[in-house]
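Just so it is clear: chains get the letters A, B, ... in the order the sequence lines come, proteins before strands, and each one is counted from 1. Small disclaimer: the values here were computed from a predicted structure and weren't measured.
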There are 2 protein chains.
Amino acid sequence: MKKIINKLNKAFDNKVRLGIMSMLMVNDWVDFKTLKEMLDLTDGRLASHIKSLEENEFIDVKKEFVGRKPLTSYSATKKGRKAFSDHLDALEELLKNR
Amino acid sequence: MKKIINKLNKAFDNKVRLGIMSMLMVNDWVDFKTLKEMLDLTDGRLASHIKSLEENEFIDVKKEFVGRKPLTSYSATKKGRKAFSDHLDALEELLKNR
DNA sequence: TAGTCTAACTTTGAAATTCAAAGTACTTTT
DNA sequence: AAAAGTACTTTGAATTTCAAAGTTAGACTA
């Protein structure tokens, strides 16, 4: 019981990053605009949190054109899935007696 | 689905406050020293997070003497329980497809 | 009775985080 | 040529977080 909270990953203590990762755990690839709408964010705010997840290598990026428009999509890496899953396990453990 | 993350309570995005509230959801009264040890915190850090939860009226304080020593204990208020429970519901909803 | 200890804080200051707002680059549509 | 769409980046300021040191008050100790 001594240090469960230390198993919680700092990368996921923020709402936005939690939201992004949740989306990416369920859906293989999610594009920028969808994330933005789902999470009700401005471009800048979304982009900055995406960047930090990328820097942690928790998500991958794919850039393509659909029709004539650019489409940037994201997916959780194996490392990201593991980290997020571990984080949720720690959360669950912390809260198991709710 | 549009704004689940907005239901997450800012008061609980921090590890320490999450930890404190978890303890207080399970145990009626928990004293300062126990919290400190359970959560592996310094006095100051614990005290400051407790203060913010108090200011939100999420926890109550009880000061007494046991033997000849002061003993300060904390419990979750009704308001605190509700807020925390709502927060966990939002978390669950966000993560339900894990 | 002067000094030390324990419990529970408070204060201070600096680092880290978060965010809104504005700006950028490239392309398509009108 | 101008406006709009997509996906950012930059800037600066507010907020949050934390470690470290200082404080208070009573209790015990020499």
Does any N or O in the side chain of A:Asn14 come within less than 3.5 Å of the main-chain N or O of A:Val16, such that one atom is a donor and the other an acceptor?
yes

Taking A:Ser22 for the side chain and A:Leu18 for the main chain, is one N or O donor matched with an acceptor at less than 3.5 Å?
yes

Rounded to whole Å, the CG-P distance (A:Asp40 to C:dC19) equals 12 Å

Could you encode protein contacts along nucleotides 13-30 of chain D as a string, one character per nucleotide from 5' to 3', using B for base contact, S for sugar-phosphate-only contact and - for no contact, with a heavy-atom cut-off of under 4.0 Å?
----SSS-------SS--

To the nearest angstrom, the CG-C1' distance between A:Asp31 and D:dA7 comes to 11 Å

May I ask you to decide if A:Leu8's main-chain N or O and B:Lys15's side chain share a donor-acceptor pair within less than 3.5 Å?
yes

Rounded to whole Å, please give me the gap between CG in A:Asn9 and P in C:dT17.
12 Å

Just call it for B:Leu46: base, sugar-phosphate, or nothing, with non-hydrogen atoms closer than 4.0 Å on any strand.
nothing

Look only at the side chain of A:His87 and the backbone of A:Asn9, and say whether a donor-acceptor pair between them is shorter than 3.5 Å.
yes

Once rounded to the nearest 0.5 Å, what's the spacing between atom NZ of B:Lys3 and atom CD of A:Glu37?
14.0 Å

B:Phe32 has an atom CZ; how far is it from atom C1' of C:dA8, in whole Å?
5 Å

Hey, does the side chain of A:Thr72 come within less than 4.0 Å of D:dC8's phosphate (OP1/OP2), counting only N and O?
yes

Heavy-atom donor-acceptor pair, A:Thr77 side chain to A:Asp60 backbone, under 3.5 Å:
no

Kindly say if A:Tyr74 contacts the phosphate of D:dC8, meaning a side-chain N or O under 4.0 Å from OP1 or OP2.
yes

Heavy atoms within less than 4.0 Å of DNA chain C: which residues of residues 51-63 of chain B have one? Give them sorted by number.
B:Lys63

Position toward the 5' end of DNA chain C (nearest nucleotide), B:Ala47 or B:Lys33
B:Lys33

Rounded off to whole Å, could you give me the CD-to-P distance for the A:Glu64 and C:dT27 pair?
17 Å

Indicate yes or no: does B:Lys36 engage B:Asp40 in a salt bridge with an N to O separation below 4.0 Å.
no

What is the distance, rounded to the nearest whole Å, between atom CG of A:Leu35 and atom C1' of D:dT6?
14 Å

What pairs with B:Asp31 under salt bridge (charged side-chain N to carboxylate O under 4.0 Å, His left out), at least two apart in sequence or on another chain?
none

Output field: ring centroids A:Tyr74/A:Phe58 closer than 6.0 Å
no

